[in-house]
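This report concerns only the one structure given below.
One-based numbering, in listed order, for ligands and for the atoms of each. Nothing here was measured: the structure is a model prediction, and the numbers come from that model.
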Amino acid sequence: MKISDAKVVVCSPGRNFVTLKIYTDSGVYGLGDATLNGRELAVATYLADHVVPCLIGRNPFQTEDIWQYLYRGGYWRKGPVTMMAIAAVDVALWDIKAKALNTPLYNLLGGKARSGVMVYGHANGGTIAETIDEVGRHIDQKYLAVRAQCGVPGLAGLYGVSTDSQPYEPAQKGLPSESAWSSEKYLQFVPTLFEELRKAFGEDVHLLHDVHHRLTPIQAARLGKALEPFHLFWMEDAVPAELQEGFRIIRQHTTTPLAVGEIFNTVWDSKLLITEQLIDYLRMSLHGGGITALQKIAAFADMYHVQMGCHGATDLSPVTMGAALHFDISVTNFGIQEYMPHSRATLEVFPHGYRYVNGYLHPAETPGHGVDLDEALAKKFPYERAYLPVNRRLDGTMWNW
Ligand code: GCO
Ligand code: MG
């Protein structure tokens, strides 16, 4: 079997997605997700202009060799654009391989190691009362784990909290919007949110929280300590993680479990975090080089008691979600999978076989990863410029979003 062609499809059914479709001479095709939120067209051109021509004629079963060809052979290593492009190729090739062998992808990754993939949903509210309602709504839908985000008194608009009664969606059409931030107000407020959530729901539900890179290590240490009585499943992205050593400070002070890594793109971003056991959960999903890379990273993390907690926001297309579920169900050190359901338009453009049942997602049982692309429908949703917001402290200083 040989790769005969490949093309990049950009569409915007509610938000932008970049999809790579690889064709073979046997008629089997595979799909990979190449969506880099806010920088979508950079990956589209990287693939179309620099990667696709190198793929034609290759054996699609040689996932390892093609991965190395694109990584080592590209000379420029790492980085979100490169690794997202490699991920799209890799996931599409694993899709082809599993379809050609007529089996769901998980059977090529070790087979099922559990009966379902535990997920966490998003509960966002402008006030504590609204957040309590949202957590309750998720519990009614049988979620076992819920991430809680809440507006902070004195701050207009906040990460994770919708402004227009629509489901929260970070990317916005047009140029980036700006929001205001105060670490002091946030640190004062968040422990009360979780105190009230535990009072309302007891200890059974797993509660998670995303700090979204807003704190310094010593502030994150303070927050982790203050949240200890409320037994979080994890505190996510407490600080930006370019300085991996920074996590030593957080770790020394708190037993609140730590998660990080949704914007990492190679194992090198987390090497020290893993080997020094500074984190509990690694948030990378397939965007960091695809299945070939994530399997190796997970095996390395497993040696240091780090579990996988794949990113699953709506900026990753249903192709990433569908493929990640095959990884999640087969990997030994699985922790939890994020599940932020896509809009109806997105789900129609990407017909898929994965399904949610009582707190768990289940991968498709059809050959491959089980997510397709309705190209005719995709054409009705052309690309629209959109960005994530940016964030400033109250005095106007640029801060981390
Ligand atoms: C998460 C992420 C998202 C991001 C989004 C940005 O934990 O799901 O932090 O909420 O904001 O993925 O593109
Ligand atoms: Mg996050």
Side-chain angles (χ1 to χ4, degrees), residues 12 14-18 33-40 42-43 80-81 83-84 87 119-125 134 138 143 145-151 157-163 166-173 176-179 181 186 190 206-215 220 223 232-241 257-265 269-270 279-288 308-321 324 328 335-343 346 361 385-391 399-401:
S12 191
R15 61 158 6 276
N16 291 314
F17 294 111
V18 180
D33 174 26
T35 308
L36 189 60
N37 201 343
R39 300 293 186 271
E40 295 88 359
V43 191
V81 175
M83 299 314 291
M84 184 65 82
V119 296
Y120 70 91
H122 286 199
N124 310 314
E134 278 295 293
H138 281 81
Y143 277 87
V146 187
R147 181 184 97 161
Q149 308 293 136
C150 185
L158 191 64
Y159 162 74
V161 181
S162 172
T163 45
Q166 298 293 316
Y168 170 69
E169 167 54 64
Q172 292 156 14
K173 309 255 180 288
S177 65
E178 299 201 357
S179 53
W181 176 252
Y186 171 80
V190 175
H206 296 306
L207 293 175
L208 299 82
H209 183 67
D210 191 349
V211 182
H212 226 254
H213 315 118
R214 300 292 166 87
L215 299 177
L223 181 61
L232 265 60
F233 187 93
W234 76 34
M235 176 169 79
E236 173 183 344
D237 285 352
V239 298
L258 303 176
V260 71
E262 69 182 45
I263 65 169
F264 293 178
N265 48 69
D269 295 328
S270 54
I279 57 171
D280 302 281
Y281 297 94
L282 184 61
R283 301 265 297 128
M284 278 178 78
S285 187
L286 300 171
H287 54 275
M308 303 303 291
C310 288
H311 188 206
T314 42
D315 49 311
L316 307 170
S317 94
V319 172
T320 288
M321 177 56 83
D328 293 334
I336 198 165
Q337 166 71 52
E338 180 179 16
Y339 179 40
M340 185 179 172
H342 289 98
S343 69
T346 298
L361 274 171
R385 187 184 306 284
Y387 287 95
L388 295 173
V390 299
N391 201 27
W399 198 239
N400 315 315
W401 190 76

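- Proximity of V260 to Y281: side-chain heavy atoms (C-beta onward) are nowhere separated by under 4.5 Å.
- In this structure, of H212, E262, H213, H122, the residue bringing a heavy atom nearest to atom 1 (C) of ligand 1 is E262.
- Close approach of ligand 1 to L388 (heavy-atom distance below 4.0 Å) involves ligand atoms 6 (C), 13 (O).
- Counting only N and O atoms by type, the side chains of H212 and D237 include no donor and acceptor under 3.5 Å apart.
- Partners of E40 according to the salt bridge (charged side-chain N to carboxylate O under 4.0 Å, His left out) rule, which considers only residues two or more places apart in sequence or in another chain, do not exist here.
- Neither the backbone nor the side chain of M340 has any atom closer than 4.0 Å to an atom of ligand 1 (non-hydrogen atoms only).
- Here D269 pairs with nothing under the side chain to side chain donor-acceptor pair (under 3.5 Å) rule; sequence neighbours left out.
- Ligand 1 places these atoms under 4.0 Å from at least one heavy atom of R147: 1 (C), 7 (O), 8 (O), 10 (O).
- If you look at W401 next to ligand 1, the close heavy atoms, those under 4.0 Å, all belong to the side chain.
- The single protein non-hydrogen atom nearest to atom 3 (C) of ligand 1 is Y159 OH, 3.7 Å, given as residue, atom name and distance.
- Salt bridge annotation for D210-R147: present, with a cationic side-chain nitrogen under 4.0 angstrom from a carboxylate oxygen.
- Neither the backbone nor the side chain of D237 comes within contact range of ligand 1; no heavy atom lies under 4.0 Å.
- Partners of R214 according to the salt bridge (charged side-chain N to carboxylate O under 4.0 Å, His left out) rule, which considers only residues two or more places apart in sequence or in another chain, do not exist here.
- When all heavy atoms of P240 and H213 are compared, the closest pair comes out as CD-O, 3.6 Å.
- Nearest protein neighbour of atom 8 (O) of ligand 1, counting heavy atoms only, is E338 OE2, 2.4 Å.
- Counting heavy atoms from C-beta outward, T346 and S317 have side chains that stay 4.5 Å or more apart.
- Numbered from 1 in the order shown, with element, the atoms of ligand 1 that lie under 4.0 Å from a heavy atom of A313 read 3 (C), 8 (O), 12 (O).
- Between Y387 and W401, the ring centre distance reaches or exceeds 6.0 Å.
- No donor-acceptor distance shorter than 3.5 angstrom exists from the side chain of H138 to the backbone of G121, with no hydrogens or angles considered.
- Ranking the protein heavy atoms by distance from atom 12 (O) of ligand 1 puts D315 OD1, 2.8 Å first.
- The closest side-chain heavy-atom distance from E262 to M284 is not below 4.5 Å.
- Excluding water, every protein N/O/S atom under 2.8 Å from the Mg ion (ligand 2) is given here by residue and atom: D210 OD2, E236 OE2, E262 OE1.
- Considering backbone and side-chain atoms together, N37 places an N or O closer than 3.5 Å to an N or O of ligand 1.
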